[in-house]
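Below, chain A is the first sequence line, B the second, and so on; all start at residue 1.
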Protein chains: 2
Amino acid sequence: MNYSTQYIAQQLKKSRENLGLSQRELSARAGVPQSHISKIESGNVDLRLSSLVAIARALELELALIPRKYVSAVNSIVGSAGSETSGQPPRPAYNLDG
Amino acid sequence: MNYSTQYIAQQLKKSRENLGLSQRELSARAGVPQSHISKIESGNVDLRLSSLVAIARALELELALIPRKYVSAVNSIVGSAGSETSGQPPRPAYNLDG
DNA sequence: CATTTTGATGCGTTATACCATATCAATTAA
DNA sequence: TTAATTGATATGGTATAACGCATCAAAATG
């Protein structure tokens with residue numbers, strides 16, 4: 001819906017894809033129905049904190065409240081790279097078939 | 001209710017107090033009724049993402065999803081000190097009248 | 001003291017997240 | 001081609017967040 005909730009939704013989707021999980025696999029891990037995950041990722045659901053935490057945890061993510069003055073510092077650590085652990089080998093961002 | 005949602009609630013409360021805001025002042029800033037803020041801070045409400053973001057923003061906080069392997073690094077930056085900017089001068093944690 | 005501010009609580013209503021379940025088109029695998 | 005798998009979507013029911021509004025006791029303030 002609004003700006004930053006959309007952003008959160010996209011982060012969840014990216015993280016799931018980086019882990020090579022299907023929505024149904026994530027559903028099983030997080031205990032949230034696949035249909036709901038779909039809605040959440042598409043960004044038109046104002047999900048509850050419990051759902052957010054459950055899904056985040058299943059994606060090896062932790063929810064945090066960062067004082068605004070530290071956000072850039074935190075970003076430089078996290079590198080806006082969404083947890084590229086395990087799962088399918090992460091494809092490179094470039095493409096040799098130019 | 002559960003563990004980490006309780007923690008979020010406490011963070012919000014601490015941040016508000018550190019800024020020297022009353023629940024009603026925060027209510028005006030965040031556009032969330034005082035009665036609801038009270039419930040949220042007491043930890044027995046599973047609030048929605050939009051509410052969380054609205055309140056966090058009014059407290060100079062930003063919501064973030066941190067990959068688990070980076071949480072300790074992030075914590076060492078933020079220092080688990082909840083944004084002690086502006087507002088009433090922060091009282092010292094000690095007390096000279098022993 | 002009297003007054004104001006503060007956080008907590010209650011109630012009735014509305015909006016909507018959440019669930020189970022099912023279906024479907026498009027993709028991917030056999 | 002046939003058979004999974006995947007993401008999106010629909011329906012109907014339940015749970016509950018969120019609202020406005022009011023009230024209250026305790027604490028702070030004058």
Engineer: Taking side chain to side chain contact (heavy atoms under 4.5 Å, CB included) as the definition, give me every residue that meets it alongside Ala30(A), ordered by chain and number, with sequence neighbours left out.
Structural biologist: Leu26(A), Val32(A), Ile55(A), Ala58(A)

Engineer: When the distance from CD of Gln23(B) to P of dT6(C) is rounded to whole Å, what number comes out?
Structural biologist: 10 Å

Engineer: For every nucleotide of nucleotides 24-29 of chain C, 5' to 3': is a protein heavy atom under 4.0 Å from its base (B), only from its sugar-phosphate (S), or from neither (-)?
Structural biologist: ------

Engineer: Would you tell me if any nitrogen or oxygen in the side chain of Ser51(B) comes within less than 4.0 Å of OP1 or OP2 on dA18(D)?
Structural biologist: yes

Engineer: Please give the angle, rounded to 10 degrees, between the axes at the start and the end of the helix from dC1(C)-dG30(D) to dA30(C)-dT1(D), where five pairs define each axis.
Structural biologist: 50°

Engineer: Could you list the residues that satisfy salt bridge (charged side-chain N to carboxylate O under 4.0 Å, His left out) with Glu62(B), not counting sequence neighbours?
Structural biologist: Arg68(A), Arg57(B)

Engineer: Check whether any side-chain heavy atom of Leu61(A) lies under 4.5 Å from a side-chain heavy atom of Ser15(A), and answer yes or no.
Structural biologist: yes

Engineer: Does Leu52(B) reach the side chain of Leu12(B), with side-chain heavy atoms less than 4.5 Å apart?
Structural biologist: yes

Engineer: Would you please name every residue forming a side chain to side chain donor-acceptor pair (under 3.5 Å) with Gln34(B), sequence neighbours left out?
Structural biologist: Gln23(B)

Engineer: Could you state the CD1-P distance from Ile55(B) to dA17(D), rounded to the nearest angstrom?
Structural biologist: 13 Å

Engineer: Go through the structure and list residues passing side chain to side chain donor-acceptor pair (under 3.5 Å) with Ser50(A), not counting sequence neighbours.
Structural biologist: Asp46(B)

Engineer: Would you say a side-chain N or O of Arg16(A) is under 4.0 Å from OP1 or OP2 of dG7(D)?
Structural biologist: yes

Engineer: Measure the distance from CG on Leu47(A) to P on dA15(D) and round it to the nearest whole Å.
Structural biologist: 20 Å

Engineer: Please examine the side chains of Leu59(A) and Leu21(A), heavy atoms only from C-beta on, and report whether any two atoms are closer than 4.5 Å.
Structural biologist: yes

Engineer: Test of understanding: with side chain to side chain donor-acceptor pair (under 3.5 Å), list the residues that count as partners of Ser22(B), not counting sequence neighbours.
Structural biologist: Glu25(B)

Engineer: For Ala64(B), which residues count as a side chain to side chain contact (heavy atoms under 4.5 Å, CB included) partner, sequence neighbours excluded?
Structural biologist: Ile66(A), Ile66(B)

Engineer: Can you tell me the distance, in whole Å, between the NZ atom of Lys13(A) and the C1' atom of dA8(D)?
Structural biologist: 10 Å

Engineer: Rounded to whole Å, please give me the gap between CG in Asp46(B) and C1' in dA18(D).
Structural biologist: 13 Å

Engineer: Using the side-chain heavy atoms of Ser22(B), tell me which of these nucleotides is nearest: dG7(C), dT16(D), dA18(D).
Structural biologist: dG7(C)

Engineer: Which parts of residues 26-41 of chain A get close to DNA chain D, meaning a heavy atom less than 4.0 angstrom away?
Structural biologist: Gln34(A), Ser35(A), Ser38(A)

Engineer: What is the distance, rounded to the nearest whole Å, between atom CG of Asn44(B) and atom C1' of dG7(C)?
Structural biologist: 13 Å

Engineer: Hey, are the side chains of Ile8(B) and Leu47(B) touching, using non-hydrogen atoms and a 4.5 Å cut-off?
Structural biologist: no

Engineer: Between dT16(C) atom C1' and Leu49(B) atom CG, what is the distance in whole Å?
Structural biologist: 14 Å

Engineer: Could you pull out all residues at least two apart from Gln10(A) that satisfy side chain to side chain donor-acceptor pair (under 3.5 Å)?
Structural biologist: none

Engineer: Given atom CG of Leu21(A) and atom C1' of dT6(D), what is their separation to the nearest angstrom?
Structural biologist: 13 Å

